[in-house]
2 protein chains.
Amino acid sequence: MSTVQGARARARVEVTAAIKDEARRQLAADGAAKLSLRAVARELGMVSSALYRYFPSRDELLTALIVDAYDAVGEAAEDALAKQRTAASPTARWIAVCRAVRAWALAHPHEYALIYGSPVPGYTAPETTNVPASRVGLVLISIARDAHLGKGVAPPKPPARLLVDGERMAADFAPDLPPAVVVALVAAWAQLFGLISFEAFGQFHRVVEERDAFFAQAAEQLARSVGLVLPA
Amino acid sequence: MSTVQGARARARVEVTAAIKDEARRQLAADGAAKLSLRAVARELGMVSSALYRYFPSRDELLTALIVDAYDAVGEAAEDALAKQRTAASPTARWIAVCRAVRAWALAHPHEYALIYGSPVPGYTAPETTNVPASRVGLVLISIARDAHLGKGVAPPKPPARLLVDGERMAADFAPDLPPAVVVALVAAWAQLFGLISFEAFGQFHRVVEERDAFFAQAAEQLARSVGLVLPA
DNA sequence: CATTTAAGAGAGCACTGCTCTTGCTTTGGA
DNA sequence: TCCAAAGCAAGAGCAGTGCTCTCTTAAATG
């Protein structure tokens, strides 16, 4: 697919990309609330109505940016893992991935807010975001799987009803992981983004100063909570 | 203070309250992005320019709602603690407070998003929000203090630079707590809101179904991470 | 009672998302 | 090759927004 179609089609993907780029620029500068279709069009030298040939509404443009943002964090996480895949211990890999996600968030706070802050559009995230949204989670799962194939400290056993959830999730994502580990992983996943969100959204202002060290410490504790053993 | 001033002054506080109430209604209905000064004024039977006698801008109105929301969660947490103060173990109190905060968030998702989601206004939260914003944190600290005055499992020792942060925070909020515990508390605080935010913002959609049990399990793990011992 | 003060009403500015109609250009089939 | 069909840009226009003025009326103060 994407064979050499007519020049018209190529122009279309270029304009589409230009719109997204300019929108991302404005997003990074002023935040999602102030992203204006008219301003994007103005900056691109076209009239606002022309932009509707490419994105049927402002929310659709935002959705496109959301998908791109999910892919960007996901890629950051996957790259961090790839760089450490063979050498380091599972715990070191876990911490490296956590660090990478945090670094991306702090470097792109508005894009981060778009995906992990309050949902901006009419409350329902489109289905197209589901796959890119799970990339970071899958990276974390893969680290835990590698670790638990060897030895690993089992997390505390959850009650039976929760284990049902854990089994279903394990069936979907990691058939060889014990359900209790999957449950702990999901919790760690949410907690990781709690740490990052508080830092990115300014909740640590005048509270935590040594943020790198603080985050490293917390990421280590998260690794422990999913049963990864610490290097001596 | 607040002595019986003229009837005009009383009308002012009443109108101010009515504006905030209507704004809160619209916030709960459609979210912060769609909160409109003109719509609030319209609903109250006044003209939009009159509203500016009470709030100098839309952001100031939002700030007032933010302060109220912080106070509401804070009160929910304090009430939950008060109900269990004498009877239950520190761990049970911790979980009760966590549950109360979560319940408030799920009951008022838009107000929750206002304070723990992406920062809406021009990036700087006013200083007036600082005190109400710390109420939940103070409740968590007080539970840990009660527990650690007796016995408690010390969290892993952070590196020296981080301990400096911990000592400063301890000096501010809990002089009798070991710095390492304070550091762990702040991490648990952020992680708690990570769990709640993911649930409130729909990130657990089609992932976690047994959310009550899941949250209880995670809250228990958080208690453990700050050194609270579990009841046998 | 006179005067200062506060509040509401209304018009208006600059902006937004979005729709509709009007022309122009590229495209693909006869 | 020509011609209809489709894609695209432009412009006007609608309804809505935050916010700022001016004007008038009602209350509080001296």
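What separates OH of B:Y54 from C1' of D:dG18 is a distance of 19 Å, to the nearest Å. Atoms CG (B:L51) and P (C:dA9) sit 11 Å apart, rounded to a whole Å. Between B:R58 atom CZ and D:dT20 atom C1' there is a gap of 18 Å when expressed in whole angstrom units.
Contact check of residues 16-28 of chain A against DNA chain D (heavy atom, cut-off under 4.0 Å) returns no residues at all. Less than 4.0 Å separates DNA chain D from at least one heavy atom of each of the following residues of residues 40-49 of chain B: B:R42, B:S48, B:S49.
Legend: salt bridge (charged side-chain N to carboxylate O under 4.0 Å, His left out) pairs involving residues 38-52 of chain B, not counting sequence neighbours: none detected. The list of salt bridge (charged side-chain N to carboxylate O under 4.0 Å, His left out) pairs with a residue in residues 129-142 of chain A, not counting sequence neighbours, reads A:D71-A:R135, A:E78-A:R135.
Where A:R53 and B:Y52 meet DNA chain D, the nucleotide closest to each residue was compared, and A:R53 sits on the side nearer the 5' end. Between A:P56 and A:A39, the residue whose closest nucleotide on DNA chain C is further toward the 5' end is A:A39.
Applying the ring pair (Phe, Tyr, Trp, His ring centres under 6.0 Å) test between A:F193 and each of B:Y116, B:F198, B:F201 identifies B:F198 as the sole match.
Listed candidates were C:dC18, D:dA9, C:dG12. Nearest to the side chain of B:R38 is C:dG12.
Heavy-atom contacts from other residues, nucleotides or ligands closer than 6.0 Å to CZ of B:R211 number more than 12.
Residue B:S36 places at least one side-chain N or O under 4.0 Å from the OP1 or OP2 atom of D:dG18. Residue A:R12 has a polar side-chain atom (N or O) positioned under 4.0 Å from OP1 or OP2 of D:dC8.
For the pair A:R12/A:T16, a side-chain contact is recorded, criterion being any heavy-atom separation below 4.5 Å from C-beta on.
By the salt bridge (Lys or Arg N to Asp or Glu O under 4.0 Å) test, B:E111 pairs with no residue at all, sequence neighbours left out. By the salt bridge (Lys or Arg N to Asp or Glu O under 4.0 Å) test, A:R24 pairs with A:D21, A:D68, sequence neighbours left out.
B:R102 and B:D212 are joined by a salt bridge, as a carboxylate oxygen and a charged side-chain nitrogen come within less than 4.0 angstrom of each other.
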